[in-house]
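Take a look at the structure set out below.
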Amino acid sequence: MSNIIGIGESPRRKEDFRFLTGRGNYVADMKRPDATVGVFIRSQHAHAVIRSIDTKAALALPGVEAILTGDDVAADGLGGMPCGWGISNAEGLPMKEPKFPMLAQGKVRFVGDMVAFVVADTLAQARAAAELVVIDYEVLPAVVGVLEAVRPGAPQLFDDVPNNLCCDWEMGDKAAVAVAFRKAAHVARLSLVNNRLIGNPMEPRSAIAEYNAGTGHYTLWTTSQFPHVVRFLMAALVLNIPEQKLRVVAPDVGGGFGVKQFHYGEEAVITWAAKRVGRPIKWVADRSEGFVSDRHGRDHVTEAELALDENGKFLALKVNTLANMGAYLSTFGPNIPTNLYAPLLGGVYTTPVIYCNVKVVFTNTVPVDAYRGAGRPEATFVVERIVDVAAAEMGIDRVEIRRRNIIPKEAYPYQTPMLVEYDSGDPMGCLEGALVAADVAGFAERKAASEREGKFRGLGYSTYVEACGLAPSRFAGRLGARGGLYESATVRVHPTGQVTVLIGTHNHGQGHETTFAQIISEKLGVNFENVDIVFGDTDRVQFGMGTYGSRSLVVGGAALSKAGDKVVVKGKKIAAHLLEAGEQDIEFKEGVFSVAGTDRSKTFQEIAGAAYVPHNYPLEVLEPGLEEQAYYDPINFTYPGGCHIAEVEIDPETGIVTLARYTAVDDVGTVINPMIVEGQPHGGIVQGVGQALFEGAVYDEVSGQPLSGSFMDYTMPRADHVPNMNVQTHSTLCTHTPMGVKGCGEVGTIGSPAAVINSVVDALSHLGVQHVDMPATPNRIWRIIQNATMPQAAE
Ligand code: MCN
């Protein structure tokens, strides 16, 4: 029976059966024969010189195989951890790029920095040995905040990085902005902090490494979003081993959210150590280790100014940001607060000139890199907050000021002043749709009802745009990317007509096994259950760039679509031969090749069979087999956008903010699977609500100790923190992706923090409150209310 499930349908997710029945294949559950266990010894100091490391007593313990330190790394002449993106300042001078050793050499620079690696027969033995390693530190003063790090006299992390400044980066037309500000009728100003976040995917990072002395091959199983990139970086730049002798497998991964899209030192150390020890090694991070070693996200301090004319039209935007890089440059680190941030400062508005300066700064904290949204939530937060500040100061309604400045649908494609050109969009349509969906008309009544109970109620808007589908390689190359950003797919049609897809993206929760199967089921007319999606294994899948930046459908899906087209082209050649017709006369529809205008036809299965049983085959013009591969490099980003409306209720007695209603109308282009396109924003919105109301990585400013190193001190949002959300789409088609698709994986985290904080500020606006920094915890809100009503009480 035919079961073609195509674009626009919502079948059950293929992958869920194995997850829901406990059959997932996670690294921590894997067992290798004769495996040892590895434990990292991490610095408990934020900044210190390593005077000596004494491993003698530890090595004497039973079961201990090896204890490796930075000296061993240096003795083997190995490289440091590479950064995949190089930025430069306005004069073209490259960023400061200090060495990031696999294991600390001479100095530690954050709590969690790796000092030694202990390998033993069992976890208990490895931990016992780690306890006996004596490390003599000379503790140095530490600096954790960006403002403090660039002050004269601040502790210096690296001798050759003056003022801890990695790069003084800029984008936009500074002179034109200055001219526009001189003409402004009003200037709105805002200082804000974008709080540091810890991703906390459900599955902690883990790895198993194995070396085969017979063949010289290494295998690394790792919790990664991009196994091919890990293989390339590790083989070519870190361990200097032949790339073809290294297999990297990223099997089922229990959530990534960006945290697993970097090449981590742990991966390199364990692979290197596996050869030295001569046995497989397994390392599984515990949750506390994740807090101080998973890359953190966000952490900006920003001053923004918006110039407006007397009618509330935006004339210019000026943004100065200090971005925290942590102690070292992670794989994408410097790219996030610069190239993924400044180009989106135009938002959905016609602001004609923009200037952005970003000081990228080293501090004694965990390295900072991409976390879901990566740069774009930060940009959206700046823009959507300052628009609200301007509206309040000028006495213009917040929807009205947006209407006056939003790019009209007819103006697309729209060239922004910050490099990017939005190909399509309808932000006004999203706004109008969201106003209805959120029942904004009924807000006054709901507010009055809250007031009767002594509560404050607020409504917040975020009309946002983002750039996803990373990335046009040419564009990225101009901006400092040290690699390409295309994607690859192979469609392997078996003799039975069943299909295996090999794709370079990685599925760690987004439903690729379902949506990619839908694309092929529709394109080839093959039953949905007869399409399998394979990813995450460098020995099985051709080189691919992996998953991040909501690129899997836009870039990977496009490669897949192209490869599927090639299969159809070849199928037509085979059909023409079998049906004794001209190739141009062959039509293909719903799995059947037919000669136009006749009843002569062959099914897809018959064609596949013939491809592998080429009796009577014109071999001089047709090769046997039916397998096609395509690489796709986009010509532009895609620009999903939309309008999010949050409604909160605040209890002034406790400061607790309750998210009462949440509405999102997102433009994600063609929707492949409506159920997944509802689920992705759901998850993203909850993460954005987490940033706005609960989460924040905090360090002690003097010692550099993390103060939020466990779930006791770092609040993740829970199911009862969010209401039923109203998530809808209002799509315009992307003009350059094969299926008109735009990404949807990050829209939730990008749109929501501003919507939530704008609603919190609205709820407190009668107290004269103009801004609230994230997270809007009960403590913070209670103090704000106390300060506004009884100034002395908050002290
Ligand atoms: N999709 C669709 N129609 C569209 C757009 C997308 O049906 N118009 C489908 C896609 O086919 C895919 C899913 O929606 O099944 C998400 O697609 P896409 O926007 O391409 O995003 P990616 O698959 O590249 O996922 C990455 C993105 C990012 S950057 C983070 S971080 C993230 C996220 O998505 N991490 C996640 N969503 C996550 N979801 C889960 N469960 N776990 C994570 O770690």
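As a basis for the values below, the full set of heavy atoms in this structure was taken, side chains included, without hydrogen atoms, waters or symmetry mates. Every number for a ligand or one of its atoms is a count from 1 in the order of the listing.
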Using side-chain hydrogen bond (donor to acceptor under 3.5 Å, both in side chains) as the criterion, list what pairs up with D532, not counting sequence neighbours.
-> none

Would you please indicate if the ring centroids of Y548 and F332 are separated by under 6.0 Å?
-> yes

Residue shell for ligand 1, any heavy atom closer than 4.0 Å, reads G255, G256, F257, G258, R372, H508, G509, Q510, G511, H512, T515, T547, Y548, G549, S550, R551, S552, L553, V668, T670, V671, I672, N673, I676, V677, Q680, K742, G743, C744, G745, E746

Show your reasoning for whether salt bridge (Lys or Arg N to Asp or Glu O under 4.0 Å) applies to E466 and R376.
-> CA-CA 6 Å; E466 61 134 326; R376 292 147 292 162; 3.1 Å; yes

Of all residues at least two apart in sequence or in a different chain, which pass the salt bridge (charged side-chain N to carboxylate O under 4.0 Å, His left out) check with D29?
-> none

So, H300 versus Y341, ring centres under 6.0 angstrom or not?
-> yes

Taking only residues two or more places apart in sequence, or in another chain, which ones meet T547 in a side chain to side chain contact (heavy atoms under 4.5 Å, CB included)?
-> T505, H506, H508, Q510, H512, S552

